[in-house]
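Presented below is the structure to which this report refers.
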Amino acid sequence: MKLQETLRQVQALWPEVEINMDAPSMTAEIRCKPKEVAPLCDWLFHQQNYHFGGLVVEENGRWELYYLFVGEGERGRIQVRTSAPLEERRFESVSVRIHAADWHEREAEDLFGLIFEGHPRLGDFILHDDVWGEGVEPMRKGSDLKKILSKRRPREEWRPIRIVDVPGAFVMPIGPVFSGVAESVHFQLETIGEEVLRAFPRLFFKYRGVEKMAEGRSADDALLLAERFAGATAFSHALAFSMALEQIRKVEVPERALVLRCFFAELERLRSHLGTIEDICNSTGLAVAASQVGILEEEALRLTGSLAGHRYLFGLAIPGGLSRDFDNETLREAVSRAKGIVRHLEEIERLLINTSSFLDRIEEVGIVRKDQAREYGLVGPVARGSGYCNDLRKLQPYAAYRAFEFRTPCEEEGDGYARLRVLFAEVRESLRLMEQALSELPDGPVFVESEPAAGVALAGVETPRGTTWHWVRVDEEGKIQRYRLITPSFINWHGFHLAAENFAFQDFPIILATFGLSVAENDR
Amino acid sequence: MSRWVLKGLQTGVVTTRYPAGEELSPGTTPGLPQALPCGEAESEALISRCPTGALRRAVGQVAVDHARCVHCYRCARGIAEPLPWEKGFEWAIFRGESEVPKTFERSLHIRVVDAGDCGACLNEVKLLNNPFYNMHRLGFFITPTPRKADVLLVVGPVTYHMETALLKAYEAMPMPKLVMAVGTCALSGGIFGPGFATGRGVADLLPVDVEIPGCPPPPLAILHGLLVLAGRKPAAQSKEPTVAG
């Protein structure tokens with residue numbers, strides 16, 4: 001059903017809501033009363049099969065809540081908006097009906113002090129109870145540094161929560177400092193010896209408060225945060241932030257820049273996936289394969305570094321285009337080197353799928369079913385390995401993706417092997433996209449000047465780990481008023497326990513590797 | 001399994017010649033901006049473009065504080081008089097109070113702690129075990145426990161949530177022990193700190209022996225830092241700029 005048709009039905013079912021539609025961008029906003037939110041969201045998600053994108057909370061003299069829903073093509077994008085006076089802190093929980101909203105509501109409770117009635121588990125989440133006292137609410141307007149810091153309680157002890165209550169059950173705590181080189185995250189695995197009954201990740205050890213820091217900064221300064229909060233996928237996030245600003249400033253980005261953005265986004269995907277594949281090989285103890293893929297990852301980094309100056313593409317995507325141009329000959333050479341990398345990777349892939357000791361560790365391990373993937377709103381290769389095939393480049397094409405021919409690899413099994421196959425296939429598709437970008441690269445400038453403007457915009461980008469949404473509100477002085485980051489790692493960490501539970505203890509690191517999650521991207 | 005052995009042998013040796021020889025492959029380092037002798041007007045233009053305050057006016061030149069540079073390239077792109085970027089990687093600065101004990105001369109065991117990095121620094125640290133860099137050949141090993149570690153390698157601006165874990169890891173290490181701060185965030189807080197949830201680098205909490213600037217520092221720069229700690233390479237000279245009048 002097309003967007004217009006859906007909106008007509010919404011109006012018929014809820015006559016009091018106010019609907020605004022922007023036809024060119026295929027987006028719609030439904031304004032409704034707080035009590036209408038939950039049933040309306042429920043209807044969009046369960047009856048109309050929209051993908052739940054996330055929740056944005058704003059404090060603009062009143063509470064403003066936006067629930068995002070994404071459909072493919074002409075089904076467009078819908079945001080359900082509601083508003084309430086600041087004294088009103090209680091909202092009906094949507095997560096009771098749409099589980100994907102669970103962590104979003106917990107976050108809003110922690111950072112804004114909102115209460116979602118019916119939500120079963122609020123409390124210790126982003127702000128750790130052992131570090132902060134009650135009532136910090138750092139994202140509230142006017143909560144200044146001094147007030148926040150006065151609530152700090154350094155070096156308190158924290159005890160894990162136990163849920164499994166059977167004889168012989170115990171908690172295996174892991175982290176936040178663990179393994180060889182690993183991002184800081186804490187896991188509590190509850191087990192009765194072999195099987196993990198409950199896997200609970202405690203995240204946000206790396207919480208830097210990027211969204212709060214961005215407030216009051218100029219767009220140029222906030223771009224640095226957008227690019228560096230998850231440095232391993234810097235280009236995709238800088239691109240999403242730039243696209244949001246371009247919407248606000250109503251800038252037409254030059255064609256050449258649009259095509260080059262696809263080129264570099266795919267180069268980043270290729271490099272990022274190589275890192276994930278290496279981690280998977282490593283987690284199964286297959287040292288030669290890990291080394292072989294590691295060689296390719298470093299080659300991809302060197303390729304990126306020699307092409308763009310920076311190994312992780314820092315400083316390239318800027319509002320209005322790109323910070324520098326590239327001559328076509330250099331890009332051609334880069335594509336041929338990328339081709340060499342993918343050729344070698346295919347060789348390794350052939351060896352891997354004939355190595356039974358490797359397959360035994362990842363096949364039928366860490367399973368996420370398709371219905372679970374949808375219920376949790378999972379994104380990226382994790383969702384696509386479970387047959388939940390969402391890819392923003394296809395659903396709502398941006399940059400120059402509409403002009404390219406590519407497919408979104410999808411597998412049905414939902415196990416570690418399915419996720420690995422998705423990664424391999426996506427690397428090949430990324431190379432194809434880079435080749436197409438090169439062959440269809442128009443001449444012209446790669447940057448256009450733009451004047452700061454006030455406004456609000458939401459931009460989405462398919463990062464290597466899945467869809468990210470950057471919500472940016474800029475005030476009259478060109479300063480960021482609200483910056484909300486919905487990241488693929490945040491979404492997929494939520495669903496991680498599905499894969500880790502009911503599998504053996506020794507499968508845990510492997511399941512973790514096949515998810516390929518970033519903690520920095522989650523923690524912000 | 002024999003196919004893997006064959007594949008490994010076919011690949012040959014890719015490991016860098018560094019530190020015995022030079023490493024000049026393109027793309028191994030992003031480089032660092034260098035001081036530029038110039039007049040007042042040009043230096044003002046450059047300094048105003050730097051979002052982190054890494055550029056400062058010094059006598060007859062623009063000086064660069066590498067501990068604050070986050071590689072945004074605004075002093076290198078879209079400007080008539082860009083700063084020169086040097087492509088080297090031997091950036092490690094020795095900050096220790098006394099000489100490194102002789103016990104550490106041959107081999108080092110390293111415990112890595114991620115205190116809130118963005119993922120890029122940590123990836124570069126991970127790559128030290130990559131065949132291209134293969135730090136085992138130099139006697140450097142990453143250890144899963146601080147109890148066995150000689151060096152605490154810290155990345156990230158040190159978030160408040162990570163303070164306890166970082167201090168516990170340090171306290172668990174046997175004496176004598178060394179601390180290495182890797183990356184702009186670990187040196188100064190970078191673009192994240194000091195903020196309401198992060199500090200301004202490792203030095204506020206622990207005595208730092210070696211600092212490695214870069215955003216992120218490439219694997220070779222981290223390798224240089226380890227060689228400095230092991231007394232096998234000289235440290236870079238700290239380029240503290242003379243601030244103008």
Side-chain angles (χ1 to χ4, degrees), chain A residues 128 130-131 138 145 148-149 152 154-155 176-184 204-210 212-213 220-221 224-225 228-232 234 275 288-289 291-292 294-295 297-298 301-307 309-312 314-315 323-324 347 351 354-355 518 520-521 523, chain B residues 1 3-5 7-8 11 14 25-30 51-52 70-74 77-78 85 111-123 125-127 129-132 142-144 146 156-157 159-165 167 169 190-193 195-198 215-216 218:
Chain A
H128 288 176
D130 49 323
V131 179
L145 194 66
I148 296 172
L149 290 184
R152 218 185 130 197
R155 303 216 76 172
V177 179
F178 70 109
S179 186
V181 183
E183 283 195 90
S184 293
F204 298 102
F205 280 92
K206 296 169 66 164
Y207 177 60
R208 289 147 291 171
V210 168
K212 180 71 180 178
M213 273 190 276
D220 280 347
D221 282 1
L224 295 176
L225 291 169
R228 282 163 186 75
F229 83 93
V288 183
S291 296
Q292 290 289 333
I295 288 174
E297 188 197 1
E298 174 64 16
L301 279 164
R302 289 184 181 190
L303 165 63
T304 314
S306 57
L307 183 63
H310 196 276
R311 286 158 61 92
Y312 295 87
F314 284 10
S323 68
R324 54 166 290 193
E347 225 176 285
L351 286 173
N354 286 306
T355 304
S518 157
E521 195 181 64
D523 290 5
Chain B
M1 280 321 274
R3 288 209 195 102
W4 284 113
V5 178
K7 175 76 190 155
T11 310
V14 296
S25 309
T28 45
T29 170
T52 60
V70 294
H71 293 198
C72 66
Y73 293 93
R74 287 177 198 176
R77 294 174 190 165
W85 281 55
R111 174 63 241 182
V112 181
V113 174
D114 162 19
D117 92 312
C118 70
C121 279
L122 206 65
N123 205 47
V125 173
K126 191 191 87 180
L127 287 168
N129 278 333
N130 185 290
F132 275 104
I142 291 195
T143 150
T159 57
Y160 293 161
H161 287 180
M162 273 307 289
E163 266 186 19
T164 306
L167 290 170
I191 52 160
F192 302 115
F196 80 98
T198 57
C215 187

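Computed over heavy atoms, backbone and side chain alike; hydrogens, waters and symmetry mates excluded. Naming: A, B, ... by sequence-line order, numbering from 1 per chain. Keep in mind that this is a model prediction, so the values were computed, not measured.
- Between chain A and the residues B/Asn123, B/Val113, B/Val112, B/Thr198, the most heavy-atom pairs under 4.5 angstrom are made by B/Asn123.
- Ranking A/Ser184, A/Ala520, A/Ala230 against chain B, the residue ahead of the rest is A/Ser184, based on heavy-atom pairs under 4.5 Å.
- Under the salt bridge (Lys or Arg N to Asp or Glu O under 4.0 Å) criterion, B/Asp114 pairs with A/Lys206, sequence neighbours left out.
- Only the side chain of B/Ile142 comes within less than 4.5 Å of a heavy atom of chain A; its backbone N, CA, C and O stay farther away.
- Looking only at heavy-atom pairs under 4.5 Å with chain B, the residue among A/Leu301, A/Leu303, A/Val177 that has the most is A/Val177.
- Atom CE of B/Met162 is separated from atom CG of A/Asp523 by 10.5 Å, given to the nearest 0.5 angstrom.
- Considering only heavy-atom pairs separated by less than 4.5 Å from chain B, the leading option among A/Arg324, A/Glu521, A/Arg311 is A/Arg311.
- The part of B/Leu127 that comes within reach of chain A is its side chain, from C-beta onward, which places non-hydrogen atoms under 4.5 angstrom from that chain.
- Of the residues considered (A/Gly305, A/Gly309, A/Gly275, A/Pro176), A/Gly309 shows the highest number of contacts with chain B, using heavy-atom pairs under 4.5 Å.
- Most heavy-atom pairs under 4.5 Å with chain A, from the set B/Ala115, B/Ala120, B/Pro51: that is B/Ala120.
- Taking A/Phe178, A/Phe204, A/Phe229, A/Phe205 one by one and counting their heavy-atom pairs under 4.5 Å with chain B, the maximum is reached by A/Phe205.
- Both the backbone and the side chain of B/Val70 have a heavy atom closer than 4.5 Å to some heavy atom of chain A.
- Counting heavy-atom pairs under 4.5 Å between each of A/Ala232, A/Ala234, A/Ala289, A/Ser518 and chain B puts A/Ala289 at the top.
- Qualifying side chain to side chain donor-acceptor pair (under 3.5 Å) partners for B/Asn130, counting only residues two or more places apart in sequence or in other chains: none.
- Contact annotation for B/Asn129: neither backbone nor side-chain heavy atoms come within less than 4.5 Å of a heavy atom of chain A.
- Within the 3.5 Å criterion, the main-chain N or O of A/Asn354 finds no donor-acceptor partner in the side chain of B/Arg3.
- If you measure heavy-atom distances from B/Pro216 to chain A, the contacts under 4.5 Å come from both the backbone and the side chain.
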Margin query: side-chain contact (heavy atoms from CB on, under 4.5 Å), that's the test. Do B/Lys7 and A/Ser291 meet it? Break it down for me.
Written below: CA-CA 11 Å; B/Lys7 175 76 190 155; A/Ser291 296; over 6 Å; no

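- Note that OH of A/Tyr207 and OH of B/Tyr160 are 12.0 Å apart. Values are rounded to the nearest 0.5 Å.
- The main-chain N or O of A/Ser323 is never found under 3.5 Å from a side-chain atom of B/Tyr73 such that the two would form a donor-acceptor pair.
- Within the 4.5 angstrom heavy-atom criterion, atoms from both the backbone and the side chain of B/Cys215 approach chain A.
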Next item on the list: Mind running side-chain contact (heavy atoms from CB on, under 4.5 Å) on B/Val14 and A/Glu298 for me, showing each step along the way?
Entry: CA-CA 11 Å; B/Val14 296; A/Glu298 174 64 16; over 6 Å; no

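- Note on ring orientation: taking the six-membered ring where Trp is involved, the planes of B/His161 and A/His128 are parallel (angle under 30°, cut-offs 30° and 60°).
- For the atom pair CG of A/Leu225 and SG of B/Cys118, the computed distance is 11.5 Å after rounding to the nearest 0.5 Å.
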